[in-house]
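Structure record follows, encoded as structure tokens.
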Amino acid sequence: MLDFIIIGAAQAGLSMAYELKQLQKNYVVLDKESEIGASWLKRWDSLTLFTPSEFNNLKGLKFPKPKGHYPDKYEVAEYFKSYVDTFDIPIEFDTLVTEIQDKSDYFVVKCEDGFYEAEQVIIATGPFHIPYTPPFYQKIDSSVFQIHSDYYKNPSQLQKGKAMVVGAGDSGYQILDEISNTDRDVYFSGDTEVKTLPQEFLGKTLWWWFTKTGYLSFSKTSWLGKKISESKQPIIGVDVKGILNKENVIPVGKTINANSHKIVTEEAELTDVRNIIWATGYRPKFEWIEGLELDKNGYPLHHRGISNIDGLYFIGLPWLHTRASATLGGIQKDADYLGDYILEKESKKEKVNI
């Protein structure tokens, strides 16, 4: 019987492992991947963070790159490995959790090859669970190469011919930029009127301004926090207008339907698409947790990571508490809060037992 089980070994799970280490708890981190940093390494090759090194620190260990440097995915993975080594964090890899059963005073965490038992559980699996692709993708002819951005690495995966990028988030525009630099025409399906923000402004990084203005600190329950969370997130550090003005980039509006070789969008019916990259986001999946209450979007109901089930916690979700909650550097405040909550909870329990 462990004190804690943490599920997920990326920044959220490692941050909570640090907290439990300070509290001298008996715990283990379970992760479905085969190595630390895998959730970053599997993203596309040219991925870089839009936050500079000085804003990417996990508690207890600074990101080992100079101020103003924008790390790539390989540097993030190496940082995680150093973090695990520095604090001797116990991780069980290749362990996919399939179910969590609430036994009132402890939990049974079932995996493909067995189970674990712990008094408390922390879910740190993040928000990116199931890559979402519109259902009509199944109606597209098999000769058209289709891939979700979760599996996209670089343009060499594509076959010859025209490509189409669907999705107007950060991933969509970054992938569109990369593919449009190859010798091919690229259709773009998505919002072309998105808000954009530069990575640097008046000699300071965007994250510096966010920190100074308190933009990252507004809670999701505050008036400003609600306004920010309900609005469309801006595209950061990407020259959207410059990309859309390229001669080989052809905006076609939202994709509506498809049939065989025909892709129907708001502005065109395309019959010459040979490749489609779906940068269409993800859907959460938490149904494997017994007794958990979910909101209308499928995310757990909670207060700052404390769920409706006693002893079950969450960290790393978008807007867990603030805009920074799902960022590398912002996870620290949420981990601090949960660490303090766990300590206070146990102190109260000890007083009752006395």
Side-chain angles (χ1 to χ4, degrees), residues 39 42-48 50 73 126-197 231-285 297-298 318:
S39 60
K42 72 178 184 179
R43 305 301 298 276
W44 67 92
D45 293 341
S46 61
L47 172 68
T48 58
F50 49 73
K73 65 175 187 176
F128 305 133
H129 296 161
I130 305 173
Y132 173 76
T133 306
F136 56 76
Y137 86 92
Q138 299 179 38
K139 297 159 63 176
I140 298 173
D141 191 86
S142 60
S143 64
V144 178
F145 176 74
Q146 299 186 68
I147 190 170
H148 190 275
S149 58
D150 192 60
Y151 307 105
Y152 171 81
K153 296 293 185 184
N154 55 62
S156 69
Q157 293 171 291
L158 310 184
Q159 59 186 353
K160 290 183 179 180
K162 294 182 179 180
M164 182 177 186
V165 176
V166 184
D170 284 298
S171 299
Y173 271 107
Q174 288 181 36
I175 293 171
L176 174 65
D177 188 27
E178 181 171 75
I179 294 177
S180 64
N181 287 332
T182 63
D183 186 22
R184 73 176 79 229
D185 289 335
V186 189
Y187 296 111
F188 174 66
S189 175
D191 186 3
T192 58
E193 301 296 326
V194 295
K195 296 178 181 179
T196 61
L197 292 172
S231 63
K232 285 186 177 180
Q233 298 301 309
I235 305 300
I236 297 175
V238 176
D239 181 12
V240 169
K241 287 186 178 180
I243 296 169
L244 295 175
N245 284 333
K246 291 180 180 180
E247 289 187 4
N248 63 328
V249 173
I250 308 160
V252 292
K254 182 181 178 181
T255 300
I256 300 170
N257 206 343
N259 187 21
S260 188
H261 289 91
K262 184 168 69 174
I263 314 296
V264 181
T265 74
E266 290 176 321
E267 300 176 11
E269 291 189 0
L270 309 173
T271 57
D272 56 354
V273 176
R274 298 290 293 145
N275 306 274
I276 302 177
I277 300 88
W278 298 100
T280 41
Y282 301 80
R283 294 293 185 268
K285 182 176 176 59
N297 296 316

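Computed from a predicted structure; not experimentally measured.
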Testing the basics here: between [X] and [Y], what is the closest heavy-atom pair and its distance to 0.1 Å?
X: Ser180; Y: Val186; answer: CA-CG2, 3.9 Å
X: Asn275; Y: Lys160; answer: ND2-O, 4.2 Å
X: Ser46; Y: Glu178; answer: OG-OE2, 2.8 Å
X: Thr192; Y: Pro251; answer: CG2-CB, 4.0 Å
X: Val194; Y: Ala168; answer: CG1-O, 3.9 Å
X: Ser171; Y: Arg43; answer: OG-NH2, 3.7 Å

Just to verify, which of Ile140, Leu158, Thr133 counts as forming a side-chain contact (heavy atoms from CB on, under 4.5 Å) with Ile276?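 Exactly one candidate clears the test, Ile140.
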
Single hit among Leu176, Ile175, Asp170, Asp177 for side-chain contact (heavy atoms from CB on, under 4.5 Å) with Tyr173: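 Answer to the side-chain contact (heavy atoms from CB on, under 4.5 Å) test with Tyr173 among Leu176, Ile175, Asp170, Asp177: Leu176.
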
Heavy-atom neighbours of [X] [atom1] exceed 12 at 6.0 Å:
X: Phe145; atom1: CZ; result: yes
X: Glu247; atom1: CD; result: no
X: Lys42; atom1: NZ; result: yes
X: Phe136; atom1: CZ; result: yes
X: Asn297; atom1: CG; result: yes

Would you check if the side chain of [X] reaches a backbone N or O of [Y] as a donor-acceptor pair within less than 3.5 Å?
X: Gln146; Y: Trp278; value: no
X: Asp141; Y: His261; value: no
X: Arg184; Y: Gly161; value: yes
X: Glu266; Y: Lys254; value: yes
X: His148; Y: Pro131; value: no
X: Gln174; Y: Thr48; value: no
X: Thr265; Y: Glu267; value: yes

pair [X]-[Y]: side-chain heavy atoms closer than 4.5 Å:
X: Ile250; Y: Lys162; value: no
X: Lys241; Y: Asp239; value: yes
X: Ile179; Y: Thr182; value: yes

Salt bridge (charged side-chain N to carboxylate O under 4.0 Å, His left out) assessment of Asp45 paired with Lys73: CA-CA 8 Å; Asp45 293 341; Lys73 65 175 187 176; 3.5 Å; yes

Give, for atom CD1 of Ile263 and atom OG1 of Thr271, the distance between the pair rounded to the nearest 0.5 Å.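 It is 9.5 Å, given to the nearest 0.5 Å.
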
Distance in Å, Glu269 CD paired with Asn259 CG, rounded so as to fall on 0.5 Å steps: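 So the CD of Glu269 and the CG of Asn259 are separated by 10.5 Å.
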
Among side-chain atoms of Lys246 and Asn181, is any donor-acceptor pair under 3.5 angstrom?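 Yes.
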
Between Val238 and Phe50, is a side chain to side chain contact (heavy atoms under 4.5 Å, CB included) present by the stated rule, with each step listed? CA-CA 10 Å; Val238 176; Phe50 49 73; over 6 Å; no

Output, in order, the C-alpha distance, side-chain angles, deciding distance and verdict of side chain to side chain contact (heavy atoms under 4.5 Å, CB included) for Thr255 and Tyr137. CA-CA 11 Å; Thr255 300; Tyr137 86 92; over 6 Å; no

